[in-house]
Amino acid sequence: MIAIENLTFGYGKDTPLLSNISAELHEGRIYGLLGVNGSGKTTLLKLMSGMLFPGQGRITADGLDTAARDTATLEKIFYMQAEFKFGRQSMEKFIALHRAFYPGFSDEILGDCLEESGINPKTGDLGILSTGEKRKFLFSIALACGAEYLLMDEPMNGMDIPSRSLFRKLLLKHLGDDRTALISTHIPADLENILSDILILDGKGGMLAKSSEEISDSWSFGYAGSDEGALYSEPCAGGYRTIRKRRENEAGAIDLEMFFNAAIKGKLL
């Protein structure tokens, strides 16, 4: 489990970007990290991976403080950054470096991911890959490394629609019940049907953390000719998309984009 405990962090002396937030990320679950630009999504991922250090509070992975950056902690975590450069490096060397660091590295999973992605495992220079191919390759490394916690910052940027579908397929195939994924995205629809939990940074330093089960048990999503009585609504053709308090025996799919919009506007508290 990754535990975020009363975490506060800011750059300089301005108002903290993250203020006294807490959450627990459990094994076998897929978390979506949502927030408006500048709300602290990348910052939180860097804090969790040990690249930044909390101003107050702490983050632990299986009880080990990530800020200590011990090898025993770092090999539990793989952080896929939104922006990265391979330089002039062969795929073979890049794979060898990660195989040496992560004890649970799986060549079988890597081979499957590269084959599914249509990437030549003998690529001599990673720099020749397209942006989408680079992301698919690094995602393949993330799944193959065997780390218990995968932290991914906008991993589908630059991917076309078939590649986004493949991302979801491979994640569900290779994640396993003993691993946890936290995925930052600005397109909620990319992850809507695979997430077990949602973390939303509200842009004011706070964070809303809810499981899909909690959301379904608390709110219902639908369409209506009027927005009367709705906690939150958005105009659409023929009426409104609405969020209402869930009634007994009422069920329906979660509209993640609308839930996000309502949450950052404080309509669900």
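Treat the numbers as computed from the prediction; the structure is a model and nothing was measured.
Atoms CG and CG, from Leu199 and Leu34 in turn, are 8.0 Å apart once rounded to the nearest 0.5 Å. Interatomic distance, Leu17 CG to Thr43 OG1, rounded to the nearest 0.5 Å: 5.0 Å. How far OG1 of Thr185 is from CZ of Phe260: 10.0 Å, rounded to the nearest 0.5 Å. To the nearest 0.5 Å, atom CG of residue Leu33 and atom CG of residue Asp153 are 8.0 Å apart. To the nearest 0.5 Å, atom CG of residue Asn6 and atom CD1 of residue Ile59 are 11.5 Å apart. To the nearest 0.5 Å, atom CZ of residue Arg179 and atom CG of residue Leu171 are 9.0 Å apart.
Ionic pairing of Glu148 and Lys76 is present here: one or more N-O contacts between side-chain nitrogen and carboxylate oxygen are shorter than 4.0 angstrom. Using a cut-off of 4.0 Å between Lys/Arg side-chain N and Asp/Glu carboxylate O, Lys173 and Glu108 are scored as not salt-bridged. The pair Lys210-Asp197 does not count as a salt bridge, with every side-chain nitrogen at least 4.0 angstrom from each carboxylate oxygen.
Between Phe259 and Leu208 there is a side-chain heavy-atom pair separated by less than 4.5 Å. Contact check for Asp125 versus Gln89: no side-chain heavy atoms found under the 4.5 Å cut-off. For the pair Ile2 and Met48, the minimum side-chain heavy-atom distance is below 4.5 Å. In this structure, Glu75 and Thr73 have side chains that are not in contact, with every pair of non-hydrogen atoms separated by 4.5 Å or more. In this structure the side chain of Ser220 never reaches within 4.5 angstrom of the side chain of Thr242, judged on heavy atoms. Counting heavy atoms from C-beta outward, Ser184 and Thr42 have side chains that stay 4.5 Å or more apart. Counting only heavy atoms from C-beta outward, the side chains of Leu74 and Tyr79 never approach each other to under 4.5 Å. The side-chain heavy atoms of Leu151 and Lys46, taken from C-beta on, include no pair separated by under 4.5 Å.
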If you look only at distance, which donor and acceptor atoms sit under 3.5 Å apart when one is on a side chain in residues 221-232 and the other is two or more places apart or in another chain?
{"from": "Ser226", "atom 1": "OG", "to": "Glu228", "atom 2": "N", "distance (Å)": "3.0"}
{"from": "Asp227", "atom 1": "OD2", "to": "Ser233", "atom 2": "OG", "distance (Å)": "3.3"}
{"from": "Tyr232", "atom 1": "OH", "to": "Glu234", "atom 2": "OE2", "distance (Å)": "2.8"}

Return all side-chain donor-acceptor pairs below 3.5 angstrom for residues 126-144, not counting sequence neighbours, or 'none' if the list is empty.
{"from": "Ser130", "atom 1": "OG", "to": "Glu133", "atom 2": "N", "distance (Å)": "3.2"}
{"from": "Ser130", "atom 1": "OG", "to": "Glu133", "atom 2": "OE1", "distance (Å)": "3.4"}
{"from": "Glu133", "atom 1": "OE1", "to": "Ser130", "atom 2": "N", "distance (Å)": "2.9"}
{"from": "Arg135", "atom 1": "NE", "to": "Asn157", "atom 2": "O", "distance (Å)": "2.6"}
{"from": "Arg135", "atom 1": "NH1", "to": "Ala82", "atom 2": "O", "distance (Å)": "3.4"}
{"from": "Arg135", "atom 1": "NH2", "to": "Ala82", "atom 2": "O", "distance (Å)": "2.5"}
{"from": "Lys136", "atom 1": "NZ", "to": "Ser163", "atom 2": "OG", "distance (Å)": "3.4"}
{"from": "Ser140", "atom 1": "OG", "to": "Lys136", "atom 2": "O", "distance (Å)": "2.8"}

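With Arg58 contributing its side chain and Asp65 its backbone, the two residues share no donor-acceptor pair below 3.5 Å. Remark: the backbone N or O of Leu256 is paired with a side-chain donor or acceptor of Glu192 at under 3.5 angstrom. A donor-acceptor pair under 3.5 Å is formed between the side chain of Arg69 and the backbone N or O of Gly50. In this structure a side-chain-to-backbone donor-acceptor pair under 3.5 Å is present from Asp202 to Lys204.
Under the 30°/60° scheme for interplanar angles, the aromatic rings of Tyr11 and Phe9 are found to stand perpendicular.
Partner of Tyr149 under the side chain to side chain donor-acceptor pair (under 3.5 Å) criterion, out of Asp62, Thr66, Thr180: Asp62 alone. If you run ring pair (Phe, Tyr, Trp, His ring centres under 6.0 Å) between Phe94 and each of Phe86, Phe84, Phe101, only Phe86 comes through.
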**Stepwise side chain to side chain contact (heavy atoms under 4.5 Å, CB included) check, Leu7 with Asn20** = CA-CA 5 Å; Leu7 175 71; Asn20 197 35; over 6 Å; no
**Message:** Apply side chain to side chain contact (heavy atoms under 4.5 Å, CB included) to residues Ile200 and Ser39 and explain how you reach the verdict.
**Reply:** CA-CA 9 Å; Ile200 297 178; Ser39 60; over 6 Å; no
**Request:** Could you walk me through whether Arg246 and Ser218 pass the side chain to side chain contact (heavy atoms under 4.5 Å, CB included) test, one step at a time?
**Result:** CA-CA 5 Å; Arg246 183 181 177 276; Ser218 299; 5.9 Å; no
**Request:** Determine, stepwise, if the pair Glu116 / Lys169 fulfils side chain to side chain contact (heavy atoms under 4.5 Å, CB included).
**Result:** CA-CA 10 Å; Glu116 288 272 15; Lys169 172 187 172 182; 3.2 Å; yes
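Within 6.0 Å of CD in Glu214 there are more than 12 heavy atoms belonging to other residues, nucleotides or ligands. Summarising the local packing, CG of Asp160 is surrounded by more than 12 heavy atoms from other residues, nucleotides or ligands at distances under 6.0 Å. Within a 6.0 Å sphere centred on CD of Gln56, heavy atoms belonging to other residues, nucleotides or ligands number 12 at most. For Glu115, the CD atom is loosely surrounded, since the number of other residues' heavy atoms within 6.0 Å does not exceed 12. For Glu83, the CD atom counts as loosely surrounded, since its 6.0 Å shell holds 12 or fewer non-hydrogen atoms of other residues, nucleotides or ligands.
The two residues Pro155 and Met159 make their nearest non-hydrogen contact at O-CE, 3.5 Å. Of all heavy-atom pairs spanning Pro16 and Thr8, the tightest one is CB-CG2, 3.9 Å. Closest approach of Cys145 and Tyr102 over heavy atoms only: O-CB, 3.2 Å. Across all their heavy atoms, Arg99 and Asp107 have their closest contact at NH2-OD1, 2.8 Å. For Ile77 against Ala61, the heavy-atom pair with the smallest separation is CD1-CB, 4.4 Å.
Cluster membership check: Leu150 shares its hydrophobic cluster with Leu114, using side-chain heavy-atom separations under 4.5 Å among Ile, Leu, Val, Met, Phe, Trp and Tyr. Note on Ile4 and Ile30: separate hydrophobic clusters, where clusters join Ile, Leu, Val, Met, Phe, Trp and Tyr whose side-chain heavy atoms are under 4.5 Å apart, directly or indirectly. Both Leu172 and Ile254 are part of a single hydrophobic cluster, where members link through side-chain heavy atoms under 4.5 Å apart. Hydrophobic clustering (ILVMFWY, side-chain heavy atoms < 4.5 Å, transitive): Ile215 and Leu195 are in one cluster. Tyr31 and Phe78 fall into different hydrophobic clusters, where Ile, Leu, Val, Met, Phe, Trp and Tyr side chains are chained together by heavy-atom contacts under 4.5 Å.
Counting only N and O atoms by type, the side chains of Asp112 and His174 include a donor and acceptor under 3.5 Å apart.
Under the rule for a side-chain contact (heavy atoms from CB on, under 4.5 Å), the partners of Ser165 that lie at least two apart in sequence or sit in another chain are Arg168.
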